[in-house]
Amino acid sequence: NSSKGKETALYFAMDKAIKMMENYVAINNFPEDNFNGTCMITFTDGLDNASINDDISVSMHRGRKNEYLAYISSQLKGSSRKYIKGLPVENFEIGFTGSEDFTQEDRDFFRDVLMQTTPDEKHLKLATRFEEVEEYFRYIARQLTERWETINMYVGESQYGRVRWVLNCSEPVYTPEP
């Protein structure tokens with residue numbers, strides 16, 4: 001039920017999402033051996049200009065000086081990163097610059113601010129065309145699904161003693177379509 005506007009409450013949304021993930025995991029009581037972490041995907045076309053949490057920020061600074069940004073950054077990277085069931089909360093960030101006239105300086109500033117909410121460069125994509133956004137969503141899906149892939153290896157009954165499995169990574173590998 002949202003409508004397009006000129007306000008972006010990105011940090012508030014991220015904060016809310018982290019709390020929702022914590023709550024969801026706690027309520028569903030996932031077993032440790034069957035839990036592969038939590039992931040948030042954020043998409044924005046502008047810098048935060050509307051997040052308010054009186055417990056975190058006393059003023060509304062834009063960009064690098066925002067107290068809420070510092071708080072969210074501490075939740076998503078660094079030594080005080082938020083963990084759920086022993087695994088860090090992960091955030092993939094997409095910054096779309098194609099809806100407005102961004103100068104190179106604007107893009108650099110946008111990237112710098114958004115990098116504060118991701119653990120590394122692989123978790124951030126700045127896109128000027130929507131095709132880049134779609135491709136990055138496919139990349140994220142691959143990253144998340146490959147974590148659950150399992151290879152089952154079987155040895156014939158006539159084999160006695162140790163067996164060594166060797167993967168030859170130089171030859172093409174068949175990849176079935178999902």
Side-chain angles (χ1 to χ4, degrees), residues 1-25 36-148 175 178:
N1 294 326
S2 66
S3 58
K4 185 177 177 181
K6 294 189 184 264
E7 292 192 5
T8 301
L10 183 63
Y11 311 143
F12 178 80
M14 292 171 144
D15 193 16
K16 185 81 167 168
I18 292 169
K19 288 178 174 91
M20 290 172 72
M21 289 187 291
E22 281 182 301
N23 189 41
Y24 182 81
V25 169
N36 199 7
T38 55
C39 181
M40 173 171 52
I41 301 170
T42 54
F43 176 81
T44 184
D45 66 350
L47 293 172
D48 188 290
N49 61 2
S51 291
I52 297 172
N53 182 329
D54 292 335
D55 295 331
I56 296 168
S57 55
V58 293
S59 59
M60 252 329 262
H61 296 290
R62 279 182 58 87
R64 296 178 191 98
K65 295 181 180 180
N66 188 301
E67 293 96 347
Y68 215 153
L69 171 61
Y71 171 78
I72 288 298
S73 181
S74 73
Q75 299 287 297
L76 297 171
K77 65 188 304 175
S79 60
S80 60
R81 191 171 179 185
K82 175 66 102 180
Y83 281 74
I84 298 175
K85 286 213 173 250
L87 296 171
V89 171
E90 188 174 12
N91 180 41
F92 287 92
E93 181 92 41
I94 303 168
F96 185 63
T97 61
S99 62
E100 297 179 27
D101 292 326
F102 276 72
T103 65
Q104 185 59 47
E105 185 179 347
D106 293 337
R107 280 192 292 279
D108 292 344
F109 183 70
F110 195 35
R111 171 180 280 286
D112 181 53
V113 170
L114 294 182
M115 268 307 296
Q116 294 181 51
T117 62
T118 60
D120 55 44
E121 289 280 339
K122 292 179 182 177
H123 286 78
L124 174 65
K125 174 68 177 173
L126 280 190
T128 56
R129 296 177 301 107
F130 212 77
E131 292 80 16
E132 294 173 283
V133 173
E134 292 169 340
E135 178 56 37
Y136 193 64
F137 272 116
R138 284 190 288 276
Y139 167 79
I140 293 168
R142 280 192 309 273
Q143 297 306 305
L144 297 176
T145 56
E146 286 175 0
R147 295 175 188 183
W148 285 95
T175 306

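All residue numbers refer to positions in the sequence shown, counting from 1.
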What I'd like to find out is whether the side chain of [X] reaches to under 4.5 Å of the side chain of [Y], using heavy atoms alone.
{"X": "V89", "Y": "L76", "answer": "yes"}
{"X": "V113", "Y": "F109", "answer": "yes"}
{"X": "Y11", "Y": "Y71", "answer": "no"}

Could I get the full list of side chain to side chain donor-acceptor pair (under 3.5 Å) partners for [X], not counting sequence neighbours?
{"X": "E105", "answer": "none"}
{"X": "Q75", "answer": "none"}
{"X": "E131", "answer": "R129"}
{"X": "N36", "answer": "none"}

Would you mind checking if E93 and R111 are paired as a salt bridge, meaning a charged N to carboxylate O distance below 4.0 Å? no

Can you name the closest pair of heavy atoms from [X] and [Y] and give their distance?
{"X": "E132", "Y": "T128", "result": "OE1-N, 2.9 Å"}
{"X": "A127", "Y": "V133", "result": "CB-CG2, 3.7 Å"}
{"X": "T8", "Y": "G46", "result": "CG2-O, 3.8 Å"}
{"X": "I140", "Y": "I41", "result": "CG2-CD1, 3.5 Å"}

Gap separating the [atom1] atom of [X] from the [atom2] atom of [Y], nearest 0.5 angstrom:
{"X": "T38", "Y": "M20", "atom1": "OG1", "atom2": "CE", "value": "12.5 Å"}
{"X": "T117", "Y": "L124", "atom1": "OG1", "atom2": "CG", "value": "7.5 Å"}
{"X": "N66", "Y": "I72", "atom1": "CG", "atom2": "CD1", "value": "10.0 Å"}

Which pairs count as side chain to side chain donor-acceptor pair (under 3.5 Å) when at least one residue sits in residues 80-89, sequence neighbours excluded? E22-K82

Contacts of R107 meeting salt bridge (Lys or Arg N to Asp or Glu O under 4.0 Å) (sequence neighbours excluded), chain-then-number -> none

List in chain and number order the residues that pass salt bridge (Lys or Arg N to Asp or Glu O under 4.0 Å) with E134, two or more places apart in sequence or in another chain; answer none if no residue qualifies. none

Which residues pass the ring-ring contact (aromatic ring centres under 6.0 Å, His included) test with Y139, sequence neighbours left out? Y136

Distance-only, no hydrogens or angles: does the D48 side chain make a donor-acceptor pair with backbone N or O of L10 under 3.5 Å? yes

For F43, I'd like to know if atom CZ has over 12 heavy atoms of other residues, nucleotides or ligands within 6.0 Å. yes

Pairing residues for [X] by the side-chain contact (heavy atoms from CB on, under 4.5 Å) criterion, not counting sequence neighbours:
{"X": "F110", "answer": "T44, L47, T97, F102, L114, L126"}
{"X": "A17", "answer": "M40"}
{"X": "S73", "answer": "K77, Q116"}
{"X": "D120", "answer": "K122, H123"}

Could you check, using the six-membered ring where one of them is a Trp, whether F137 and F92 have ring centers closer than 6.0 angstrom? no

